[in-house]
Amino acid sequence: MRFKWLKKRFTFMVIPDANSHVVRFRLSGWALSLMTLSVVLLASLAVTFYIIQSRSLGTNQLLENKLVGVTEQFEQTVTEKNTTIEQLQNDLVRLSQQADQVKDKIEELKKLESEMKSLTGMNGDKPVSISSASPGSSSSSHMGGGYTPATDSDIRGLIEDTEHHFDDLDKEIDGLFGTLSETKKQVEEMQQLLAITPNIWPVDSRNVSSGFGVRIDPFNYSPSFHNGIDIAGRTNDPVFVTADGTVTATGYDKSEGNHIVVDHGNGLHTHYMHLNEILVKKGDKVKKGEQIGKVGSTGRSTGPHLHYGVLKNGAVIDPRPYLKASRKDEP
Ligand SMILES: [Zn+2]
C-alpha cells in the first residue's frame with residue numbers, strides 16, 4: 001500500500017548526555033505527517049508574511065522619500081517666498097521714506113513760492129504748512145538703536161501710511177501747481193507793472209538842487225510852482241528813461257530847452273528837460289534804464305541839470321517818492 005507507512009509507529013529518542021535519562025516518544029505516521037505538514041504550512045506562512053512585510057516596507061520607504069522630497073521643495077518655496085516678502089517690505093520702507101523726502105521738497109517749494117511772493121510784495125496768503133512731520137522726514141543718515149523685526153501689523157500700517165502719504169502728496173502737488181501758476185501770473189503782472197512804473201533815477205547823480213512844489217523862482221526870485229525836480233549833474237551825463245514806454249514828443253523851446261516826453265501807459269507820462277542832446281525821436285519804443293539823452297543847460301536854466309517831471313492822468317505829481325531804485329539795482 002502506498003500510505004502503509006502512515007499506520008506505522010515511529011519512535012524518537014532524545015539523549016541529552018551520558019548521565020541523563022533517555023527521553024523516548026512515539027508518534028504514529030499520521031501524527032508525524034500532520035506535524036510535518038504543519039511545519040511546512042507555518043514556514044510558508046512565515047515566508048509569505050515576510051515577503052508582504054518587506055514589500056510594504058519598501059513602499060513605505062518610497063513614500064517616505066517622496067514625502068521628504070516634497071517637504072524639502074515646500075520648504076525651499078517658503079524660503080523663497082519669505083525672501084521675496086522681505087524684499088517687498090524693504091522696498092515699501094524705502095518707498096515710504098521717498099514719500100517723506102518728496103514731502104520735504106514740496107514744503108521747500110512752498111517756502112520758495114512764499115519768498116517769491118514776498119519779494120514781489122504780494123505777500124497775500126502764507127503757505128499752508130504740511131502738518132505732520134513724519135518720523136523719517138529728517139534726512140540725516142546717522143541712525144542707531146536695537147533691532148526689533150517689524151510685525152505684519154507694522155507693515156500693514158506702513159502700507160496704509162504710505163498710501164495716505166502719496167495721496168496727500170498728489171493733492172499737495174496739484175495745489176502747488178495751482179498756486180505756482182497763479183504766483184507766476186502775479187509775478188508777470190508785477191513785472192509788467194514794474195516795467196511801466198517810473199521808479200528809477202533818471203541820472204546817476206543824486207544831487208536834487210530843487211524839489212517839487214512851491215519855490216522861489218531862480219530867475220525872478222518870486223514864489224512859483226515847480227512841476228518836477230531838478231537834479232544837478234555834469235554836461236553830457238547820460239539821461240535814462242525811468243520806465244518802459246513810447247516817446248510821444250521831442251523838441252526845443254525857450255523854457256524847457258531840449259526836452260523829451262515819454263508815455264508809459266496807465267495814464268503816466270515823464271518829462272526830461274534842458275537836455276544838451278536828444279537821442280530818441282517821437283514814436284520810439286524805449287526800455288526802462290535806456291539812455292535817451294544827455295544832461296545840459298538848454299532853455300530856462302542856470303546850469304547843467306535835468307528837470308524831471310511825472311504826470312499822472314494829466315496832473316503833475318512829485319516824482320521823488322517813486323525814485324526808489326538805482327538803474328542797476330532793479331528793473
Ligand atoms: Zn526844473
Side-chain angles (χ1 to χ4, degrees), residues 192-331:
Q192 214 170 359
L193 194 68
L194 210 64
I196 58 163
T197 304
N199 69 334
I200 62 166
W201 284 79
V203 283
D204 288 333
S205 166
R206 299 289 182 268
N207 181 12
V208 177
S209 51
S210 185
F212 177 87
V214 178
R215 67 169 180 180
I216 302 297
D217 186 84
F219 285 90
N220 58 23
Y221 303 106
S222 55
S224 65
F225 186 79
H226 190 216
N227 62 6
I229 58 169
D230 291 339
I231 310 164
R234 291 164 306 183
T235 305
N236 292 334
D237 272 356
V239 173
F240 312 107
V241 65
T242 53
D244 286 6
T246 310
V247 177
T248 50
T250 62
Y252 174 86
D253 70 43
K254 288 195 293 187
S255 172
E256 298 181 0
N258 292 317
H259 60 271
I260 303 168
V261 181
V262 180
D263 182 358
H264 305 287
N266 283 350
L268 282 168
H269 290 82
T270 51
H271 288 230
Y272 310 81
M273 300 176 191
H274 313 299
L275 302 171
N276 197 36
E277 211 179 314
I278 296 170
L279 301 175
V280 288
K281 58 184 190 303
K282 193 180 169 183
D284 279 357
K285 301 274 179 203
V286 285
K287 281 279 171 196
K288 191 175 203 163
E290 188 182 324
Q291 189 183 354
I292 53 171
K294 290 176 182 176
V295 170
S297 189
T298 55
R300 203 165 179 267
S301 169
T302 57
H305 78 283
L306 174 75
H307 173 101
Y308 174 63
V310 178
L311 271 91
K312 191 175 184 182
N313 299 323
V316 287
I317 57 166
D318 185 0
R320 188 64 206 269
Y322 300 97
L323 301 183
K324 285 173 181 169
S326 153
R327 189 170 50 94
K328 285 148 195 155
D329 295 343
E330 255 179 61

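Below, all heavy atoms of this structure are taken into account, side chains as well, without hydrogens, waters or symmetry copies. Order of appearance sets the numbers: ligands from 1, and atoms from 1 within every ligand.
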Item to check | Partner of His307 under ring-ring contact (aromatic ring centres under 6.0 Å, His included), chosen from His226, His259, His271 | outcome: His226
Next on the checklist: Counting backbone and side-chain atoms alike, is an N, O or S atom of His307 positioned under 2.8 Å from the Zn ion (ligand 1)?
Outcome noted: yes
Next on the checklist: With a cut-off of 2.8 Å, does His226 put an N/O/S atom close enough to the Zn ion (ligand 1)?
Outcome noted: yes
Next on the checklist: Does the plane of the ring in Phe225 sit parallel, tilted or perpendicular to the ring in Phe212? Use 30° and 60° as the thresholds.
Outcome noted: perpendicular
Checklist outcome for this item: Taking every heavy atom of Lys288 against every heavy atom of Asp244, the minimum-distance pair comes out as N-OD1, 2.7 Å
Checklist outcome for this item: Atom name of the N, O or S atom of Asp230 nearest to the Zn ion (ligand 1) is OD1
Checklist entry - Do we see a donor-acceptor contact under 3.5 Å between the side chains of Tyr308 and Thr242? => result yes
